[in-house]
Amino acid sequence: MLNNELPAILGGKPIFNSFVPIIEPTLPTIEEIKLKIQDILKTRMITNHKYVQNLEKSLKEYFGVKNVIGISNCTTGLLLLGKCLNFQGEVITPSFSFSATSLALAWLNVKPIFVDIDIKKFTIDPDKITEKITSKTSAILATHIFGNPCKIKELSEIAEDYKLKLIFDSAHGAGSIYRGKKISNFGDGESFSMSPTKVLTAGEGGLITTNNDLLAEQVRIGRNYANPGDYNTSFIGFSGRMAEFSAILALKSLEHLDENVTNRQELVKVYKKILSELPGLSFQQIEADSRSSYKDFAIVINDKEFEITRDVLYEALNAENIMTRKYFSPAIHQQDAFRLYLKGQDLDLENTENLAQKILCLPIYSHMKSSKVEKICDAIKRIYLHRSELR
Ligand SMILES: *Cc1c(COP(=O)(O)O)cnc(C)c1O
C-alpha cells in the first residue's frame, strides 16, 4: 500500500511523476475565443474598448454593484482608489497579506500601520484597530485573505465612527460572498486582481468596484492619465487601462466563475475530510453565511502535535513533486523593503508572525480533480507516518 512506502524525501518514489503546480490558470480553448480575437484584430481596437466595456457590464450584473472599472491590475486599482480618496499620513492595514497591499500605500507616500490578524480567519482583527488610530490616520486597507471575507461589518463601523476611508484589497475576492452579498459591494471601493493565479483571470488585469458614482468617475479618468477628454490633465493619474485581449479572457473566465468556485468548495471539503484525521492540522475559518472563493487553500501546522515543522513538510512535499507555497511568509513587516516604515510602530503582531511560521498553501485550481487532492493527502499521510525519521 501507498502509505507503507517511504516518502520521497527519505528515498522513496515520488507520489507524482510530474510536478503538481500550486495553481494553474483555467483557460478557454482557442475555439471559445477565436471570433472575439478576430474581431479585435479586424477592428484594430485593442485596448479599453468594446470587450472591456462588456466585461464591466457583465460584472456589474454578477456582483450587483453600481460601478465596475476595468484596469491593468489590482495594484494599480489600489493606487487609484488611494489617490482619488485622498489617502494621507497613515493607513491601517494587515501585515499578513501579499506585499502589493503595502506597496500601493508606499507609492501613495503614506505609512502603512500594521495591525494583527484574527488567528482563525487570517483577516485583519477589528478589535486591534482603534488603538492604532491617530490624528494622522486617513484610511483602512484590508485584504480578504485567500478569498475569506474580512469582518466587514466591524470594519465599516470603525471607519464610520472615526471618519476614515475604507477600501479592500479584493485580489482574492472574485466569487466570495459576505453574508449573502458578493464581495465588491463594500467600503468606499474594492480592487480585484485578474492575474494568472487568481480565480477570475484575464492574464493580467484588475477591477475597481464601488457604489460611489463620483469615485467611479474619478478612477475612470485616473486610469487614463487623468485626461478628462480635453487633455487638460485634472490630477496626477497614470496609465492603467485594460487590454481588449485580457477582457476577452476575463469574459470567458466570468462565465465559469460560480461553477469554478463551487468546485473549489468541493476540493476543500475533500482536503479537510482527509487531513482532519491527522493531529495538529487546522484550517482557515469561514463564517457559515459567507463563502470564500478559495483562491488558496491553507493548512496550519501545529508542529508540537503534528511532529513535523512547516518547513520540513514543505521540503517533503516538494520531493513528492507537489508544489506548495508559504503564503504569506515572510509577513510584510518582516520584508526588507518595509523596514523603513517600522520606526515608531508597536509591532504587536503575534498572530501574524505565528501564522507566517505555520502556514502552508496546498495546490488548488478550478479544473482540479478531487482524485488529485486525495493523492496529495496520501503524500501528506505517508510523510506523517515517517515523521520520526524526518527529524
Ligand atoms: C495578486 C495580489 C495582488 C496584486 O495583484 P496584481 O493584479 O498583480 O496587481 C494584490 N494583493 C493581493 C492580496 C494579491 O494576492
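What you see is a predicted model; the values in this text were computed from it and never measured. Counting convention: from 1, in listed order, for ligands and their atoms alike.
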Need the list: ligand 1 N/O atoms against protein N/O atoms, distance under 3.5 Å, rounded to one decimal.
residue, atom, partner, partner atom, Å
ligand 1, 5 (O), S193, OG, 3.2
ligand 1, 7 (O), C74, N, 2.9
ligand 1, 7 (O), S193, OG, 2.7
ligand 1, 9 (O), N73, OD1, 3.3
ligand 1, 9 (O), C74, N, 3.2
ligand 1, 9 (O), T75, N, 2.9
ligand 1, 9 (O), T75, OG1, 2.6
ligand 1, 11 (N), D169, OD1, 3.3
ligand 1, 11 (N), D169, OD2, 2.7
ligand 1, 15 (O), H172, NE2, 2.5
ligand 1, 15 (O), K198, NZ, 3.2

Exam field: side chain [X] to backbone [Y], donor-acceptor pair closer than 3.5 Å:
X	Y	result
S176	G147	yes
S370	V373	no
Q284	I145	yes

Is it true that, when you exclude F19 itself, more than 12 heavy atoms of the residues, nucleotides or ligands shown sit nearer than 6.0 Å to its CZ? yes
Could you tabulate the donor-acceptor pairs under 3.5 Å formed by side-chain atoms of residues 73-84, not counting sequence neighbours?
residue, atom, partner, partner atom, Å
N73, OD1, T75, N, 3.1
N73, OD1, T76, N, 2.8
N73, OD1, T76, OG1, 3.2
T76, OG1, S72, OG, 3.3

Aromatic ring proximity F186/Y178, centre distance under 6.0 Å: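 Aromatic pair counts; centres sit under 6.0 Å.
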